[in-house]
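Working notes for the structure below.
For reference, positions follow the sequence shown, starting with 1.
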Amino acid sequence: MARVIVAPAGSALPIDVDAVVVEDDTHLVLGADPVPRETHEPPDGLLKRAEATEPKLPGSVVVAGSSPVRFHAIVHDLNLEPSWKEEWVVGAIAAVLKEAERRKLRSIALPMLGTLHGSLEQRRFIDLLAGVLAEIALQDPGDIWLVLPAEAESAALEAVQELGWELRG
């Protein structure tokens, strides 16, 4: 089983990470890079390209960049209310872990998916993560930095302690 290290967001990385997971939606809007980029493409070309883009499948992962790799965990469909489902969170966790193993990555930073842009309770996310880790058969599990929000709920911290995960910060 993978080693889970739990530390708050904004703290010094407790481990070197090969990949960073971001909570995202089917059109990759929520996880978009907030830094504007200059483009020479006319606005009508940008709009046409955006309209032609197929939505991503909820519960999947889209890989971008390198050093560290950026995993877009698709857990939201902004056309629905609520925008997330537990099965999408579970599917995205499993997809991230399998993709990390396929790429032979040793460590990933994983936020509490569904809690940032959705209303999934932190304690429930930890239960879902623990369930996926127990069920998924990874040949060479790496380390997971579970990124806690700045204000982690006491129930989430209790769950981490119950599971025996390493708590830092």
For the pair Glu153 and Arg123, find out whether any cationic side-chain nitrogen is under 4.0 Å from an anionic carboxylate oxygen.
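Judged by the 4.0 Å cut-off on N to carboxylate O distance, Glu153 and Arg123 do not form a salt bridge.
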Looking only at heavy atoms, what is the nearest atom pair of [X] and [Y], with distance?
X	Y	result
Phe71	Ala19	CE1-CB, 3.8 Å
Gln122	Pro149	NE2-CG, 3.2 Å
Val29	Asp25	N-OD1, 2.7 Å
Gly31	Arg70	O-NH2, 2.6 Å
Pro8	Arg168	CD-O, 3.4 Å
Gly118	Glu23	N-OE2, 3.8 Å

Give the cluster check for [X] versus [Y]: same hydrophobic cluster or not, with ILVMFWY residues linked at side-chain heavy-atom distances below 4.5 Å.
X	Y	value
Trp165	Ile136	yes
Val61	Leu133	yes
Val96	Val90	yes
Ile108	Val69	yes
Val132	Leu163	yes

Would you call [X] and [Y] a side-chain contact if the rule is heavy atoms closer than 4.5 Å?
X	Y	result
Leu146	Ile126	yes
Asp143	Arg106	no
Leu97	Ile144	yes
Leu157	Leu148	yes
Pro111	Val21	yes
Trp84	Pro58	no
Val89	Leu129	no
Phe125	Leu113	yes

Chi angles and distances behind the side-chain contact (heavy atoms from CB on, under 4.5 Å) call for Leu105, Val17:
CA-CA 9 Å; Leu105 302 179; Val17 293; over 6 Å; no
Please check this pair: side chain of [X] against backbone of [Y], looking for a donor-acceptor N/O pair closer than 3.5 Å.
X	Y	value
Asp24	Ile74	no
Ser107	Asp18	yes
Trp145	Ala7	yes
Glu99	Val63	no

Let me confirm one number: the [atom1]-[atom2] distance from [X] to [Y], rounded to the nearest 0.5 Å.
X	Y	atom1	atom2	result
Leu57	Thr26	CG	OG1	9.5 Å
Glu87	Leu128	CD	CG	10.0 Å
His27	Leu78	NE2	CG	8.0 Å
Leu28	His72	CG	NE2	6.0 Å

Please step through side-chain contact (heavy atoms from CB on, under 4.5 Å) for the pair Arg124 and Glu86, ending with a clear verdict.
CA-CA 9 Å; Arg124 183 65 182 145; Glu86 276 192 12; 2.9 Å; yes
Within the supplied structure, the quantity of interest is the number of heavy atoms (other residues, nucleotides, ligands) at a distance under 6.0 Å from Glu162 CD; does it exceed 12?
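Check passes, neighbour count above 12.
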